[in-house]
Participant: 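Got a structure for you, questions after.
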Amino acid sequence: MARTAKGTSRAKEGPARSSVCPLGEAEAHGILQVLDRDGNVSGTLPDPGLDEATLVRLYEMLVLVRAIDERGFKLQRSGRVEFWIPHRGLEAVHVAATLAFADSDWIFLGYRHPGCMLLRGVPLLQMFAQFFGREGDPLKGRRLPTLMGDRRVNVVPMTTQVGSYIPHAAGAAWAARLRGDDTRFLVFFGDGSTSRGEFHSALNFSGVHRPPIVFLCENNGWAVSTPTSTQTATRTFAEKGDAYAIRNRRVDGNDPLAVYSVVKEAYDLCASEGPSLVEAVTYRMGLHTTSDDPDLYRDRSDVAEWEQWDPLPRTRKYLEARGFWDEAREAALWERVRAEIAEAVTAAEALPFPAPETMFDDTFETPTWLLEEQKRRLLDELEPRA
Amino acid sequence: MSPQTLTMLEALRAGMAHMLETDDSVVLMGEDVGRSGGIFRTSTGLAQRFGGNRVIDTPLDEKGIVAHAIGMALYGLRPIVEMQFSGFIHDAFEHIMFCAARYRWASGGQYSCPLVIRSPSFGGIKGGFWHSQSAEAYFFHHGGIKVLSPSTPEDAYRMMIAAVQDPDPVLLLEPVPLYRSMSAEFDTDGVPAEFGEARIVRPGADATLLAYGPIVHECERVADTLAASGGAEVEVIDLRSLMPYDVETILASVRKTGRVVIAHEAPVTMGFGAELAAVLQEKAFGYLRAPIDRVGAPDVPYHFSIGDEMYRPTASNIRAGITRVTEFAF
C-alpha cells in the first residue's frame, strides 16, 4: 500500500494492535459508557433517564449539526465559504455537554462547535452569516468561519490559538466564585491543547482556587496530524487532573447519554468541589480543516472502524428501541433540516459584508486619535472608488 | 482631603487602595502581592485591609496570572495584575497582546477586557537584564492596549485610578528607580489622570526634549543646568501617556523650537522614539530646523555591572543630543 511505503502510518508501526477504537472495550480503557455500538443500554453507567422531549431535541440537534457540516464542507469546496473546520463525529460531545448546563452558564468554545451555539438558541441565519463573514454575525465578520461566539447566549468566542483560552475560562469561573454568583462554566478544548502551558496553568490555579468549571478535553485522536502517542506519554488525558487535585473522568464521547451523565455529575459537583476534568474519547472523522489531508497521516480503515461508533445511529437506535423514533420521522427530519439550511445559506449569502471602516470599531471602547486619523484616511482614499 | 506627602510606592498603593475601596469589582493579584505586600512592598497592608478574595497571591506563573485575569475581566471584574518585574512580562505577552488587547475587537465589541498590568520597569537598580527592561515598544505595535508611565507620585496615583477605571487593558510602566527616591505632596482625592495628556515640565524656546518615566528628572536637571550656564533654553515634556500619546502638545512645542531630542531608556532601534520622530516629520516637517535626535540604549541586553551608567541615558549623553540639534545648521 502506497501510504505504508511512505511510512506515514505511524499507528501500524510496532506491535500488532487490536483496534484503533477503544470504545468496544470501554471498561478496560476506563471509559464510562451507557450505550453499546447498537444503542443498547449496556454500559458501565446507568441510563440518565432523560425525558422523551429532551431526547428527541438532542437527537434532532445531532442531525442538524451533521447536516451543517456536510453543507459547510461543500460550500468551502465550491469556493463560497473561505474555510471550514469539520466536526463530523464530534456532535455528541458538543450537544450533550451543553445540554448538561443551564442557559445562564458560560461556555468557552473551541472552533468546531455549532452544536453548542444552536442548542443555546442561535438562529441558523446568524450561524451562516458568521460562516460567510457577513453582517448579522455578532462578531462582525472578523473571525474565520466556525470560530463562533455570542455574548447574548453566554458563549465566549475562543482566542484562536489552541488552548490559550482555557485559563480565561478558569479565570471567569474564579471571578464568579469570588463574587458569590452561581454561574457555572464549561470549556471545550482538544487533546492537542493539553500540551500547552495554559492547560496546566488553568488546572494548577483551579486546583488551588476551586472555581466552578468543567474542563472538557475532546480527545479526538489527532491534533492536525499529531497522534495522541506523540502528544503525551500518559495513558489518558483524564489522569492529568490527578497532578492538580482535580477530579477527572473518562467518557465515551460518541455516546451522548454517557457524555450527558458525566458532565451533569461534574456540573452538579461545581458548587461543592469546584473543577472537574472530563476526557471525552472520540474521533475526528473528517479533516482537521479544509486545508488538511488526513490521508497523509492516517489509514482510512481507522476511520471506517470509528464509523461503526458514529454517535448518530447509536442514538437513533436507542430512541427507536424506546419507541420515540421511526424511519418516517428520520426521513422527515433530514428533509426539514436540509431545507432550513438551504434557506439560511441563501439568506446569509445575500447579506452585505461589513463596511470597511468598521474595522476600526471596538479596538478600544473609545477610539484613539491615531485610529480616527487612520479611519479618515481610509475613507478619503475609498471615496474616489465609490 | 488634606494634602499628603507620599513616595512613588505609597502613591501607587494609595491609588490601588482607593480603587479597591470604591469599586468592589477590583481585585489585585500576582506573585507575592498579598501577605508580603509584593517584593517591592507596593501593596503592603492591602491584603490585610481588603482580604484574600480582593488581594490574591497566585501561583508563580506570569502567563497564567494574566490569562486568569483576562477571564475575570470578561466576567466583569477589574483585575490589577502585578508582573513583579518587566523582565518577566514576556511570558505573558501572548495573553496581553493576542488575547486581552483583542477580545473587544474579535468579539465585535461584545466583550471587554478591563485589566491593568503593573509592570515595574526601567533600570537603575543594579538588576541586570532580567530586572531592568524597558519593554514598552512591544506593546504599541498592534493596538488594543493603552500604555502609561508616571514620573511623579501624583501622576502614579492618578494614573493607577485612571487605568483601573478604563474599560480596556492598560499597561502601567512603574518607574522602579523612583519607587522610594521620589516623594511629593498632593491631594489623594481620587481624581483620575487623563489619558493622552503630556506635561510641560519646564518651558523653553530653543529645543524640545521628549521623555517619560524616571529619565524625565534627568532631562529636567540637564535643561536647568544648561539654562543656568547661559546655554540653550530647552523645553522638557513628560509624555506620561505613551499610547495614546499627546501629539498636540508635542507639535505645539516643536513648532516653537524646531529642534527635538527624544530620550528613553529602551533601545533606540524601533523604539517609541522612532514613532515620535516619524509623526513629527509627518506633521511638523516644515518647522524642523535639525534632524531629530534620539538618545537611548544600544541594541544589547542591559548590563549588570556597567548597565546603569552606560546603558541608560545620562546627563552627558542627553546634553550631547541637545548639542547635536542646537548646533546643527543646514
Participant: Between chain B and each of A/Ala169, A/Ala170, A/Gly149, A/Ser164, count heavy-atom pairs under 4.5 Å; write down the option with the most.
Facilitator: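 Heavy-atom pairs under 4.5 Å are most numerous for A/Ser164.
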Participant: Let me know if A/Asp137 has heavy atoms under 4.5 Å from chain B in its side chain, its backbone, both or neither.
Facilitator: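 Looking at A/Asp137, nothing touches chain B.
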Participant: Give, as side chain, backbone, both or neither, the part of A/Val187 having an atom under 4.5 angstrom from any heavy atom of chain B.
Facilitator: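 Contact with chain B involves no heavy atom of A/Val187 at all.
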Participant: Would you call A/Arg120 and A/Asp150 a salt bridge, taking side-chain N to carboxylate O under 4.0 Å as the test?
Facilitator: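 No, no charged N to carboxylate O under 4.0 Å.
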Participant: Quick check for you: among B/Val279, B/Val27, B/Ile56, B/Asp24, which has the greatest number of heavy-atom pairs under 4.5 Å with chain A?
Facilitator: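 Sorted descending by pairs with chain A, the first entry is B/Ile56.
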Participant: Please rank A/Ser201, A/Ala202, A/Pro211, A/Gly141 by heavy-atom pairs under 4.5 Å with chain B and give me the top one.
Facilitator: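 Winner by heavy-atom pair count: A/Ser201.
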Participant: What pair of heavy atoms forms the shortest contact from A/Leu125 to A/Ala348, and how long is it?
Facilitator: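 Nearest pair, atom of A/Leu125 first, then A/Ala348: CD1-N, 3.5 Å.
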Participant: Given a strict heavy-atom distance threshold of 4.5 Å, which part of A/His209 is in contact with chain B: side chain, backbone, both, or neither?
Facilitator: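 The answer is the side chain of A/His209.
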Participant: Hey, what's the ring geometry for B/His264 with B/Tyr212, parallel, tilted or perpendicular (30° and 60° as the breaks)?
Facilitator: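 The arrangement is tilted - the two ring planes meet at 30° to 60°.
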Participant: Quick test of your reading of the model: are B/Glu94 and A/Arg196 salt-bridged, counting only N-O distances below 4.0 Å?
Facilitator: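 Here B/Glu94 pairs with A/Arg196 in a salt bridge, since their nearest N and O are under 4.0 Å apart.
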Participant: Could you tell me which of B/His95, B/Arg102, B/Arg54 has the largest number of non-hydrogen atom pairs under 4.5 Å with chain A?
Facilitator: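 Most heavy-atom pairs under 4.5 Å with chain A: B/His95.
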Participant: Aromatic rings B/Phe88 and B/Phe85: how do their planes relate, parallel, tilted or perpendicular, breaks at 30° and 60°?
Facilitator: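 Answer is perpendicular, since the angle exceeds 60°.
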Participant: Angle class for the A/His87/A/Trp84 ring planes (parallel below 30°, perpendicular above 60°, tilted otherwise)?
Facilitator: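 A/His87 vs A/Trp84 ring planes: tilted.
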Participant: Using non-hydrogen atoms and a 4.5 Å limit, figure out which bit of B/Ala69 sits close to chain A: side chain, backbone, both or neither.
Facilitator: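 When you check distances to chain A, no heavy atom of B/Ala69 falls under 4.5 Å.
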Participant: With a 6.0 Å cut-off on the ring centroids, do A/Phe215 and A/Tyr244 count as close?
Facilitator: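 No.
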Participant: Based on non-hydrogen pairs under 4.5 Å, which of A/Phe108, A/Phe205, A/Trp369, A/Phe185 is most in contact with chain B?
Facilitator: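 When all of A/Phe108, A/Phe205, A/Trp369, A/Phe185 are compared, A/Phe205 has the most.
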Participant: Indicate the ring-plane relationship of B/Phe272 and B/Tyr245, choosing parallel, tilted or perpendicular according to the 30° and 60° boundaries.
Facilitator: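 Correct class here is perpendicular.
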Participant: Using the six-membered ring wherever Trp is involved, compare the ring planes of B/Tyr138 and B/His90 and label them parallel, tilted or perpendicular (cut-offs 30° and 60°).
Facilitator: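 The rings of B/Tyr138 and B/His90 stand perpendicular, inter-plane angle above 60°.
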Participant: Looking only at heavy atoms and a cut-off of under 4.5 Å, which of A/Glu198, A/Lys140, A/Arg143, A/Arg152 has the most pairs with chain B?
Facilitator: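 Of A/Glu198, A/Lys140, A/Arg143, A/Arg152, A/Glu198 has the most heavy-atom pairs under 4.5 Å with chain B.
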Participant: Hey, which of B/Asp166, B/Asn53, B/Thr58, B/Val66 has the most heavy atom pairs under 4.5 Å with chain A?
Facilitator: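 Going by pairs under 4.5 Å, I would pick B/Asn53.
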Participant: Which bit of A/Arg179 comes within less than 4.5 Å of chain B, counting heavy atoms only: side chain, backbone, both or neither?
Facilitator: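 The side chain, not the backbone.
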Participant: Identify which part of A/Gln374 has an atom lying under 4.5 Å from any heavy atom of chain B, answering side chain, backbone, both or neither.
Facilitator: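 Contact with chain B is absent: no heavy atom of A/Gln374 under 4.5 Å.
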Participant: Closest approach of B/Ala277 and B/Ile262, non-hydrogen atoms and distance?
Facilitator: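 Taking B/Ala277 first and B/Ile262 second, the nearest heavy atoms are N-CD1, 3.8 Å.
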Participant: Among the options B/Ser107, B/Gly143, B/Pro79, pick out the one with the most heavy-atom pairs lying under 4.5 Å from chain A.
Facilitator: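 Between B/Ser107, B/Gly143, B/Pro79, the count favours B/Ser107.
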Participant: Could you look at B/Pro59 and say if it's the side chain, the backbone, both or neither that has a heavy atom under 4.5 Å from chain A?
Facilitator: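 Contact with chain A is through both the backbone and side chain of B/Pro59.
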